[in-house]
Structures are given as C-alpha cells and as structure tokens.
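All ligand and atom numbering here is 1-based and tracks the order in the structure. Numbers here simply count residues along the sequence, with the first being 1.
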Amino acid sequence: MNAGDHQLGIYLAGMLEGRTPELTTDLAALENAARKVLSPEALGYIVPSAGSGSTARANLEAFERRRIVPRMLRGVERQRDLSCEVLGTRMPAPVLVAPMGVQTLAHEEGELATVRAAAAVGVPYVHSTAAAHDFEQVAAAGGDAPRWYQLYYPTDRDVCVSFLRRARATGHSVLVVTLDTTLLGWRPADLDRGYLPFLAGTGIANYLSAPSFAGVDNPVTHWAGMFPNPGLSWDDLPFLRDHWDGPIVLKGIMSTEDARLAAEHGMDGIVVSNHGGRQVDGALAALDALPGIAEAVGDRLTVLFDSGVRTGADVVKALALGAKAVLVGRPVLYGLALGGQAGVEHVLRCLLGELDITLALSGYSAPGELGPGALAG
Ligand SMILES: Cc1cc2nc3c(=O)[nH]c(=O)nc-3n(C[C@H](O)[C@H](O)[C@H](O)COP(=O)(O)O)c2cc1C
Ligand SMILES: CCCCC(=O)C(=O)O
C-alpha cells in the first residue's frame with residue numbers, strides 16, 4: 001500500500017463518487033454525523049459506554065495527551081509498504097476491524113456489508129459471536145478476505161465446540177477470546193430504555209443456526225442463560241486449545257500480570273482493550289495500559305490494541321507504544337450507518353491513508369520503525 005493508493009485516490013474522487021457529505025474524511029467527526037441517522041435504540045446501544053462514560057472519555061484523552069514528534073530529512077520511501085503479517089494473516093496495514101455484534105442496528109445489511117468492505121480493502125474482519133449474521137453468511141459474503149473469529153465463551157460447552165468447528169470450517173484463522181464481557185457492563189442508555197438487542201432476537205444468529213439449538217423451546221432464553229460466564233478462569237483455556245488448532249488471542253487484557261499469565265498459559269496474543277469503555281466504567285485508558293504490557297511480555301506474545309482509535313495518528317501512537325496492530329471499533333459502525341458497505345470502505349481507506357501520510361510526514365517508511373521515541377515525553 002502507498003499514499004498514492006489512498007490519498008490521491010481520494011483527491012481524484014474515485015472513492016468519493018456517491019459519497020454523502022456526512023461521510024467526512026475527518027474520521028474523528030464521524031460520530032456526530034452517525035448520531036443523526038441512527039435510531040434511538042441503535043444510538044443508545046452503539047455510541048455510549050458503561051456508567052458515566054469516564055473510561056470511554058479517558059480512552060480518547062489518552063490519545064489526545066500523547067504527541068508525535070515529527071522527524072525531518074530521513075529519506076522516507078516514496079512508495080511506502082505498510083503491509084505486515086500478524087499471527088499468520090497478511091494485511092495491507094496493521095489495522096483490523098474489531099469484533100462487533102448486532103451490526104444490523106447500524107444498517108440493514110450489518111456484518112455482510114462490513115465484511116464485504118473489509119474484503120475490498122484487504123483489512124481482516126473479526127466475526128463476533130454476537131453477530132446478526134452467522135458464520136456461513138459472513139463467509140459467503142467475505143470471500144477470500146482474511147477473517148478471525150471472536151468467541152464469547154458460553155457456559156454450554158457443546159455450543160462452544162460447535163462454534164469453534166463452524167468458525168474453522170468457514171475459514172476463520174485466529175480465535176479471539178473476549179474476557180472482559182462475561183457479563184454485560186452497566187450501560188445506562190440501554191437500562192433507561194429497557195432495550196437489549198439480544199432479547200429482541202438481534203445478535204444471536206450464530207446461536208440460532210447452531211446444531212445444538214435443535215429442539216430448544218426458546219432460543220433467546222437459552223442464549224441468555226449461557227452467555228453470562230463470570231466463573232471463567234485460566235483453567236478453562238486448555239479446553240480451547242483442545243478444540244482450536246490455530247492461534248489464540250485473549251481480548252480485554254489490561255494488566256501486566258494478566259499479560260504475563262497469558263504468555264505462561266501458552267496463548268499466542270492479547271488485545272490490550274477495555275472494550276471501548278463499555279464494560280468497567282472507571283477503568284484506566286487502554287492506551288495507558290499498553291506500554292507497560294508491551295514491555296512486560298516482550299516478544300513472547302503478539303500484542304494488539306483497541307479502544308479509542310479514531311484516526312491514522314492514533315494508529316501511529318498505539319504502534320509506537322508497542323502494539324503490533326490495532327482494531328478499530330465504533331468508527332466502522334459509523335461508516336456502516338452512514339453508507340453501508342461504501343461507508344465502511346470509506347472509513348477503512350481514510351484510516352489507512354491517514355496512517356500512511358502521518359507515518360511518512362513523521363519520518364518513517366514503515367510501521368515497524370516506530371517506537372516510544374516517536375512520541376514526546
Ligand atoms: C456496538 C458494539 C458491539 C460490540 N460487540 C462486541 C462483540 O461482540 N465482541 C467483542 O469482543 N467486542 C465487541 N465490541 C467491542 C469492540 O470489539 C472493541 O473492543 C471496541 O469497540 C473498541 O473501542 P472503540 O469503539 O473505541 O474503537 C463491541 C463494540 C461496539 C461499539
Ligand atoms: C453479549 C455481548 C454484547 C456485544 C458487546 O460486546 C458489546 O455490546 O459491547
């Protein structure tokens with residue numbers, strides 16, 4: 001990938017054809033545009049965070065606080081190559097689409113539009129257990145695009161195994177196990193409305209088409225019963241190893257101690273993440289947790305990051321602080337709400353383009369050259 005593909009492409013307006021003015025190239029401004037098109041329920045579910053929103057604000061503030069120190073006359077490559085390989089997956093830049101459930105809340109095509117957009121840009125798509133479309137539908141829509149699978153580890157192990165089998169059979173190469181959502185966080189916007197998409201039957205597509213559901217009287221109640229799993233412990237990880245033959249990544253790691261435990265338990269990677277501030281209100285900013293964790297695990301684990309990435313400059317900052325790649329969450333849904341597949345493509349192309357330009361103007365030819373010295377302080 002190089003700047004020409006993205007920035008000049010944008011200037012030459014190829015990708016802007018049919019673009020609505022709301023699909024701004026100022027990615028940080030997309031949230032406001034999306035707020036105007038989302039239904040009250042969708043807006044309440046997607047945009048806000050847990051509790052008072054203090055952790056979600058802290059995520060953004062941590063990016064705001066850190067500053068890039070641009071370097072000059074470093075002979076930056078004219079054609080830069082941002083591509084990398086993460087856990088066996090080639091990608092055009094160190095960016096993935098974060099696992100997000102219930103995407104039909106943002107747009108009727110939901111995950112199908114997102115996976116098509118991800119495929120068009122080459123960015124890996126992480127399929128959520130709580131998706132509104134199932135493994136098979138997403139695989140059919142996504143074609144050869146790289147796909148990973150995110151597991152919510154259910155209490156029912158037969159269902160768990162059937163998810164893992166289907167994920168593998170439909171071409172998902174890496175397992176991402178989300179640990180920070182064994183219960184849903186305290187989310188006032190949904191509580192005040194008494195609204196939860198799953199109870200309305202959205203976001204349980206993988207469950208509904210699981211073979212083990214045959215004969216279950218009320219799938220929604222069955223699902224609601226097996227999702228909460230606060231009893232999960234490190235002892236539950238070997239079971240996953242027994243049933244998954246690819247890399248395993250733990251998502252939601254926020255402490256150096258848990259990162260070390262992940263390495264000791266033979267995991268392949270972690271996502272430093274506080275779930276975009278949607279779970280523990282009052283938790284530290286994910287970006288503030290990142291450098292200590294990256295230092296503690298060294299190269300024993302592949303360290304990924306999400307929570308608060310909004311711009312190409314944010315990607316540069318997370319990579320400089322030790323992430324090998326970042327996952328982008330809400331901005332993808334904002335693009336989806338504003339323009340379906342084209343909207344998600346727009347967000348991804350802008351993010352990659354801005355990353356490339358920021359990197360080059362800061363004096364770097366490739367993401368791998370970034371380190372803490374790229375930032376002030
Ligand atoms: C509407 C919505 C649904 C989500 N669903 C899931 C999910 O099913 N599984 C998961 O691991 N994370 C889920 N997440 C969290 C994201 O994977 C990611 O951690 C978070 O959005 C990153 O923060 P950001 O939105 O600030 O980029 C969801 C986030 C949103 C906004
Ligand atoms: C049942 C999990 C809900 C999806 C999720 O992770 C989120 O809304 O943040």
Flag [X] as yes when one of its N or O atoms lies below 3.5 Å from any N or O atom of ligand 1, and as no otherwise.
X	result
Thr129	no
Gly308	yes
Pro99	yes
Val102	no
Pro331	no
Tyr45	no

Please list the nearest protein heavy atom to [atom] with its residue and the distance rounded to 0.1 Å.
atom	result
atom 28 (C) of ligand 1	Met100 CG, 3.6 Å
atom 21 (O) of ligand 1	Gly329 CA, 3.8 Å
atom 26 (O) of ligand 1	Arg310 NH2, 2.8 Å
atom 29 (C) of ligand 1	Arg278 NE, 3.5 Å
atom 8 (O) of ligand 1	Ser128 OG, 2.6 Å
atom 5 (N) of ligand 1	Gly101 N, 3.1 Å

Those protein residues which place at least one heavy atom below 4.0 Å from ligand 2: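 Ligand 2 is contacted, at a heavy-atom distance under 4.0 Å, by Tyr45, Tyr152, Leu184, Arg187, Phe198, Phe227, His275, Arg278.
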
Atom indices of ligand 1 within 4.0 angstrom of [X] heavy atoms, with elements:
X	value
Thr178	10 (C), 11 (O)
Ser307	22 (C), 23 (O), 26 (O)
Ser273	19 (O)

Atom CG of Asp299 with >12 non-hydrogen neighbours under 6.0 angstrom: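 Counting neighbours around CG of Asp299, 12 or fewer heavy atoms of other residues, nucleotides or ligands fall under 6.0 Å, so no.
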
Per-residue contact class, Leu333 against ligand 1 - non-hydrogen pairs under 4.0 Å: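 For Leu333, the contact with ligand 1 is made by the side chain alone.
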
Part of Gln150 within contact of ligand 1 (heavy atoms, under 4.0 Å):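 Side chain only; the backbone of Gln150 stays clear of ligand 1.
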
Side chains of [X] and [Y]: is there a donor and an acceptor less than 3.5 Å apart?
X	Y	answer
Thr181	His275	yes
Thr178	Gln150	yes
Arg147	His127	no

Proximity of Trp234 and His265 rings by center, below 6.0 Å: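 For Trp234 and His265, the ring centres are under 6.0 Å apart.
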
Centroid separation Tyr152 to Phe163 less than 6.0 Å: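 Centroid separation for Tyr152 and Phe163: 6.0 Å or greater.
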
Residue selection (non-hydrogen contact nearest atom 7 (C) of ligand 1) among Phe63, Tyr334, Tyr152: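 Of the listed residues, Tyr152 has the closest heavy atom.
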
Proximal candidate to atom 12 (N) of ligand 1 [heavy atom criterion; set Lys251, Glu31, Arg330]: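 Checking each option, the heavy atom nearest atom 12 (N) of ligand 1 is found in Lys251.
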
Donor-acceptor under 3.5 Å (Ser307 side chain, Asn274 main chain):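 Yes: the side chain of Ser307 pairs with the backbone of Asn274.
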
Check: Arg278 side chain, Arg187 main-chain N or O, donor-acceptor pair, under 3.5 Å: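 Judged by distance alone, no pair lies under 3.5 Å.
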
Whether Phe63 and Phe305 hold their rings parallel, tilted or perpendicular, with breakpoints at 30° and 60°: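 Judged by the thresholds at 30° and 60°, the geometry between Phe63 and Phe305 is perpendicular.
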
Cluster link Leu27 to Leu82, ILVMFWY, side chain under 4.5 Å: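 Same cluster: Leu27 reaches Leu82 through Ile, Leu, Val, Met, Phe, Trp or Tyr contacts under 4.5 Å.
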
hydrophobic_cluster_shared for Leu352 and Leu333, side chain cutoff 4.5 Å: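 Linked, Leu333 and Leu352 end up in one cluster.
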
Closer than 4.0 angstrom, basic N to acidic O: yes or no for [X] and [Y]?
X	Y	result
Arg157	Asp236	yes
Glu77	Arg80	no
Glu345	Arg349	yes
Asp314	Arg66	no

Cation over ring face, Arg71 and Tyr364, 6.0 Å, 45°: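 No - Arg71 does not lie over the ring of Tyr364 by the 6.0 Å and 45° rule.
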
Min heavy-atom dist Gln103 to ligand 1 below 4.0 Å: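 Gln103 does not count as a contact of ligand 1 under the 4.0 Å cut-off.
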
Proximity flag Asp306 to ligand 1, non-hydrogen atoms under 4.0 Å: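 Yes, Asp306 has a heavy atom closer than 4.0 Å to ligand 1.
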
